[in-house]
Amino acid sequence: MPGLITRSPDILSSANQLRDAYNLELQSADGHPVRFGDLILEKGEITTVVLFIRHFFCIYDQSYVRSVSQHLTDSVLQTLPHMHNRGPIQIIIIGCGNPNLIVPYVSETGTTMPVYTDPGGKLYEKLHMRRTVKGITTQPVYSGVGFWKSLGLTLRQMFSKGRKGFGGGSWDQNGGEWVIRGGRVEYVHRMEHVSDHLTADELLGILESQGKEVE
């Protein structure tokens with residue numbers, strides 16, 4: 001498992017900082033505001049995996065979302081060993097582009113996971129997500145598409161959307177994976193570079209280890 005995974009919040013050690021993050025608003029596909037905390041806190045002791053992605057036209061991240069969607073299905077999550085003591089698990093996706101690109105993104109990736117967006121990048125900033133294009137030419141293990149082909153596909157998708165194609169989000173904005181239970185952050189992974197998401201297997205390993213800790 002990568003060394004960049006952090007047990008419990010590292011930078012967000014202050015309760016005030018975390019509360020500020022929960023109070024920030026995201027947008028749904030219809031453009032309506034949704035408080036980040038409402039996606040997590042109102043559901044009790046549910047475990048929430050939050051996938052913060054790069055811009056909506058990033059082919060690497062589209063491959064990543066497909067991989068997680070295919071491997072971490074509801075049936076897989078419901079049958080994890082030891083999770084009967086932890087309650088249900090939900091996975092949500094948060095992007096950084098315009099909300100009118102959520103529906104096309106869902107269609108492109110085929111994901112059934114809920115998708116929201118933070119077009120102003122305030123939540124990314126509050127959670128100290130990195131901004132860099134380092135590693136953009138490195139093909140990640142979760143994608144079958146190399147850099148030049150992914151760049152061509154990215155530009156093709158953008159141009160096909162007309163003016164909307166410029167609203168996918170900042171190219172240097174990276175994300176990461178957060179595991180939150182009952183409002184408490186249990187695991188953090190911030191991407192160090194463009195090709196640095198945790199794989200579906202790594203996320204599964206984290207969730208399995210959570211269940212074992214409460215036996």
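A quick note: this is a predicted structure, and the numbers were derived from the prediction, not measured.
For the atom pair OG1 of Thr154 and CG of Asp61, the computed distance is 10.0 Å after rounding to the nearest 0.5 Å. Atom CD of residue Gln78 and atom CG of residue Asp74 lie 5.5 Å apart, to the nearest 0.5 angstrom. One finds the CG atom of Leu26 at 14.5 Å from the NE2 atom of His32 (value rounded to the nearest 0.5 Å). In this structure, OH in Tyr105 is found 10.5 Å from OG1 in Thr117, a value given to the nearest 0.5 Å. Within the model, atoms CD1 of Ile89 and CG of Leu77 stand 5.0 Å from one another, a figure rounded to the nearest 0.5 Å. Going from atom CD of Glu108 over to atom CZ of Phe57 covers 9.5 Å, rounded to the nearest 0.5 Å.
In terms of heavy-atom proximity, Val145 sits nearest to Ser150 at CG1-N, 3.4 Å. The two residues Ile91 and Val68 make their nearest non-hydrogen contact at CD1-CG1, 4.4 Å. The two residues Phe36 and Ile180 have their closest heavy-atom pair at CZ-CD1, 4.4 Å. Scanning both residues, Gln139 and Gly146, for their nearest heavy atoms gives OE1-CA, 3.4 Å. Between Ser69 and Thr73, the closest heavy-atom pair is O-CG2, 3.5 Å.
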Step-by-step side-chain contact (heavy atoms from CB on, under 4.5 Å) determination, Glu177 to Leu203: CA-CA 8 Å; Glu177 297 74 43; Leu203 283 172; 4.0 Å; yes
side-chain contact (heavy atoms from CB on, under 4.5 Å) evaluation trace for Ile59 with Gln157: CA-CA 10 Å; Ile59 302 302; Gln157 286 187 19; 3.5 Å; yes
Step-by-step side-chain contact (heavy atoms from CB on, under 4.5 Å) determination, Val179 to Val185: CA-CA 6 Å; Val179 179; Val185 180; over 6 Å; no
Derivation of the side-chain contact (heavy atoms from CB on, under 4.5 Å) call for Asp196 and Asn174: CA-CA 9 Å; Asp196 190 34; Asn174 291 294; over 6 Å; no
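Within the 4.5 Å cutoff, no side-chain heavy atoms of Ile92 are placed close to those of Val49. A 4.5 Å side-chain heavy-atom check between Thr111 and Arg66 finds every atom pair outside the cut-off. Within the 4.5 Å cutoff, the side chain of Arg54 has no heavy atoms near those of the Cys96 side chain. The side-chain heavy atoms of Leu24 and Lys126, taken from C-beta on, include a pair separated by under 4.5 Å. Residues Met113 and Leu72 have side chains not in contact (no heavy-atom distance under 4.5 Å, counting atoms from C-beta outward). For the pair Phe52 and Trp178, the minimum side-chain heavy-atom distance is below 4.5 Å. For the pair Leu51/Tyr64, a side-chain contact is recorded, criterion being any heavy-atom separation below 4.5 Å from C-beta on.
Hydrophobic clustering, with ILVMFWY side chains joined whenever heavy atoms are under 4.5 angstrom apart, groups Val106 together with Ile53. Linking ILVMFWY side-chain heavy atoms closer than 4.5 Å, directly or via other members, places Val103 and Ile93 in two distinct hydrophobic clusters.
Under the 4.0 Å criterion applied to side-chain N and carboxylate O atoms, Lys134 and Glu192 are not assigned as salt-bridge partners. By the 4.0 Å N-to-carboxylate-O rule, Arg131 lies close enough to Asp172 to be salt-bridged with it.
Using a distance-only test at 3.5 Å, with no hydrogens or angles considered, a donor-acceptor pair links the side chain of Gln90 to the main chain of Leu39. A side-chain donor-acceptor contact under 3.5 Å links Arg190 to the backbone of Leu127. Listed for the Asn98 side chain is no donor-acceptor partner under 3.5 Å among the backbone atoms of Asn100. Proximity of a side-chain donor or acceptor of Tyr124 to a complementary backbone N or O of Arg130 within less than 3.5 Å is not detected. Proximity of a side-chain donor or acceptor of Thr79 to a complementary backbone N or O of Ser75 within less than 3.5 Å is detected. Proximity of a side-chain donor or acceptor of Glu202 to a complementary backbone N or O of Thr199 within less than 3.5 Å is detected.
No more than 12 heavy atoms of other residues, nucleotides or ligands sit less than 6.0 Å from atom NZ of Lys122.
Here ring-ring contact (aromatic ring centres under 6.0 Å, His included) pairs that include residues 154-176, with residues two or more places apart or in two chains, are His55-Trp171.
Contacts of Pro140 classified as side-chain contact (heavy atoms from CB on, under 4.5 Å), with partners at least two apart in sequence or in another chain: Tyr60, Tyr142, Ser143, Ser195. In this view, Tyr116 satisfies the ring-ring contact (aromatic ring centres under 6.0 Å, His included) rule with no residue, not counting sequence neighbours.
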